[in-house]
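Notes to accompany the following structure.
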2 protein chains.
Amino acid sequence: MGQATMQARIQRPSPIADDGNEQRFCSTCAFGSVCSGGGVDKIALHELHCLVEHVGGYRNGDTVFRTGDRFNAIYAVRSGAVKTRLVDLEGRELVLGFHLPGELVGLNAIDPEAYPCDAVALSEVEVCRFSFPALATLATRMPAIQLELFRRLSRDIGNAALLAGDYSADERLAAFLIGLGRRYAERGFPMHTLNLAMSRGDIANYLRLAAETVSRVLRRFQDRGLIQVDGRHVTIADPTELFELARPILSR
Amino acid sequence: MGQATMQARIQRPSPIADDGNEQRFCSTCAFGSVCSGGGVDKIALHELHCLVEHVGGYRNGDTVFRTGDRFNAIYAVRSGAVKTRLVDLEGRELVLGFHLPGELVGLNAIDPEAYPCDAVALSEVEVCRFSFPALATLATRMPAIQLELFRRLSRDIGNAALLAGDYSADERLAAFLIGLGRRYAERGFPMHTLNLAMSRGDIANYLRLAAETVSRVLRRFQDRGLIQVDGRHVTIADPTELFELARPILSR
DNA sequence: CCGCCACCTTGATCCACGTCAACACGGCCG
DNA sequence: CGGCCGTGTTGACGTGGATCAAGGTGGCGG
C-alpha cells in the first residue's frame, strides 16, 4: 500500500477548522473553549479575533518555524498536521510531538525566547499565528485567556512526561493510537478511524523505537485483532483491549 | 560509606533561601528575577510578598501534596529538596523530577486542576506556598509576573522533553550530574561539589535505569577519572569530559 | 551489644529491542 | 517504459541494560 494513496486518503475528510466569526471564532480552535465558554465579553473576543493572522499554503515538508528563530508568536494548527522535531549535531532527528488541528505549537519557545525546535508540515497545512506579546497583553485584560494559556502550558508538561517512562514498545504504540483517537474525537472526528499523517519513521522516532519495531508491533496488534492496518489508515477494532495495553501509560 | 553520614553532610551547607524583605524578597526565590529585575512597582511586590505563605517542618519522606489533591497552589522550594513522583496501579514508583531551592513545584497541576503526582521531601524541607487563583489575579495586574509564570511553564516543557530521548545510561547520568551542578550554581552553590539529596534508586528511577546500572556507571566514571564518588557526595573532576558525554542531551 | 533494615555494590544471566540486510511496492521523472 | 527513490515489511543477529542473586556497610531500635 503506497504512500501517495494514503496521502490522498488523509485529505478526503480533511480535519479543517471552520473560519468562525467574531461571535464563535474558530470552532475547533485552541481558544474555542474560551470563546464558547460564555462570560467572555465581545470586545475582548473581537480583539482576539483581530490578533490572529491566518497563514496557509504549507505543503508536506515545509517548515513553519525553525530552531533558533527568534520567538515572537505561537501557532494554532487549523488544518493538516505538524510535527515538531530537533536535529542533533550528528544530523539525527528527534521528533518531539505531533500537532493536530486546534492544538498549539511553539509554547516551549516562550522561555528560551527562540524556537527550540523545527515545526514541519506533514501535509497541506494552515495555521493561525498569534503574536505572543500581543496575546500576553490581551491576557492581562482577559483572565479567561490567561488561564487558558496557563492550562495549555501545564498540559504540555504532563504530556511531555508521558513518553518519558520506560515503557515497552507495545505499551507505547497502544498509548499512541489511543491518544491520537482521543485527540481526533476532541475535534469531532471519528475516534477509531485514524488517518496517520506521519510516516512509520516519524512514529518510531517519536516513540523512541526503531521503525522496524513499529512495523512489527502493528503487525502483531493486527494479528491479535486489536487493529486493522492498511498503510497509514488504522482502524481500532478492539478499543478496550488496546486501552488495557496502554493503561500503564495513560492512567498515569 | 553510610547513608546517615551523607544526610548529615547534605545538611551542613544547607541551601536555604534568605527571607528577603519587601524590597528584595527571597533572593534565591522563584520570582527573584522578577523582583530584582527592576521595573516592578513596590506595591505589586508588596502584594506578592503578602501572598506567599511559608510552610516548613517537612522531614524526609513527608509529602507536600498528593496525587489527586485539589489544585489550589503552587510551591517554591525554600530549602532542602523535593521529588515529584507518581505511583502506578501496580505500586511501582515513577520519579518525575527533583526540585532544588528556588524551583517551582506543581505547575503541571494547573490543567488537570488536581495534582497529577506526589511531592515528597527528600530531606528537611521548607517551601513557599502561592495560592494559584491569587497569583493568577496578581499576574493580570503585573505583566512581569505573568511573563515569569509563562517562562517557568515553558521551561518545564523543555526539561520534560530532555529525558524523553533514547539516550544511553552514560549520557543520562552525565547529563544528570552536569544539570544538577548548573542548577546548584544558579543558586550560588559550588557547581562541581554535589551533595545528592536522593538515593541511587531515585536517580535510577528518574533516569529510567536500574539502580544497579547507576552504581555501575558511577563506578566507571570514577575509574575514568571523571568524578569522585563518596556515597552521596559527588565531585566533578573533569567537567569538560563529562559535558562531552552529556552533549547529545544537553545541547538539544 | 546484637539484629534488623535500608542502601549500595558487584557479578552472572537473559531478553527486548536496535541494527543490519534484503526485498516489495508505488510514485515520479527522464 | 524503465530506473530510481522513499516508504514499508520481514528475518537474522548482536547488545545494552534489566533482572536475579549475593554480599557488604552503617544506622538505629530494642
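What you see below is based on every heavy atom in this structure, not just the backbone, and it leaves out hydrogens, waters and symmetry mates. Letters A, B, ... mirror the listed sequences (proteins, then strands); counts begin at 1.
- The end-to-end axis angle of the helix from C:dC1-D:dG30 to C:dG30-D:dC1, rounded to 10 degrees and based on five pairs per end, is 30°.
- Atom OH of B:Tyr167 and atom C1' of D:dG17 are 18 Å apart (whole Å).
- Of the candidate nucleotides D:dT19, C:dC8, D:dG17, C:dC8 has the atom nearest to the side chain of B:Arg232.
- For B:Ser168, whose side chain is taken as the heavy atoms from C-beta onward, the closest listed nucleotide among C:dT9, C:dC7, D:dG17 is D:dG17.
- When rounded to the nearest whole Å, the span between CG of A:Asp202 and C1' of D:dG8 equals 13 Å.
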Inset, instruction - For A:Phe71 and A:Phe65, run ring pair (Phe, Tyr, Trp, His ring centres under 6.0 Å): C-alpha distance rounded to whole Å, both residues' side-chain angles, the deciding distance at 0.1 Å, then the answer. - result: CA-CA 9 Å; A:Phe71 168 72; A:Phe65 55 75; 8.7 Å; no

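- If you check every strand for non-hydrogen atoms under 4.0 Å, B:Arg208 touches sugar and phosphate atoms only.
- Two residues are said to be in side-chain contact when any heavy atoms from C-beta on lie closer than 4.5 Å; B:Val125 and B:Asp62 fail this criterion.
- For the pair A:Met198 CE and D:dG6 P, the computed distance is 21 Å after rounding to whole Å.
- Between the CD atom of B:Gln222 and the P atom of C:dC8 there is a distance of 15 Å, rounded to whole Å.
- Counting only heavy atoms from C-beta outward, the side chains of B:Lys83 and B:Glu93 approach each other to under 4.5 Å.
- Nucleic acid contact class of B:Ala210 (heavy atoms, under 4.0 Å, all strands): base.
- A close approach under 4.0 Å does occur between a side-chain nitrogen or oxygen of B:Arg200 and OP1 or OP2 of C:dT9.
- Rounding to whole angstrom units, CG of residue A:Asp170 and P of C:dC15 are separated by 16 Å.
- The distance from atom CG of B:Asp166 to atom P of D:dT15 is 18 Å, rounded to the nearest whole Å.
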Inset, instruction - Output, in order, the C-alpha distance, side-chain angles, deciding distance and verdict of side chain to side chain donor-acceptor pair (under 3.5 Å) for B:Thr63 and B:Arg66. - result: CA-CA 7 Å; B:Thr63 77; B:Arg66 297 196 129 82; 3.3 Å; yes

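- A tilted orientation is assigned to the rings of A:Phe176 and A:Tyr206, their planes being inclined by 30° to 60°.
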Inset, instruction - Test side chain to side chain donor-acceptor pair (under 3.5 Å) on B:Asp238 and B:Thr240 and set out the steps. - result: CA-CA 6 Å; B:Asp238 189 341; B:Thr240 48; 3.1 Å; yes

For nucleotides 11-14 of chain D, which of its nitrogen or oxygen atoms have a protein nitrogen or oxygen under 3.5 Å away, and what is each distance?
residue	atom	partner	partner atom	Å
D:dG11	N7	A:Arg216	NH1	2.9

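- A heavy-atom distance below 4.5 Å is not found between the side chains of A:Asp88 and A:Leu94.
- A:Arg152 contributes no side-chain N or O that, together with a main-chain N or O of A:Leu104, makes up a donor-acceptor pair within less than 3.5 Å.
- Comparing C:dT9, D:dT7, D:dT10 against the side chain of A:Ser215 picks out D:dT10 as the nearest.
- To the nearest angstrom, C1' of D:dT7 lies 14 Å from CG of A:Leu196.
- Here the side chains of A:Thr193 and A:His233 are in contact, with some heavy-atom distance below 4.5 Å.
- Atom CZ in B:Arg92 sits roughly 13 Å away from atom C1' in D:dA18 (whole-Å rounding).
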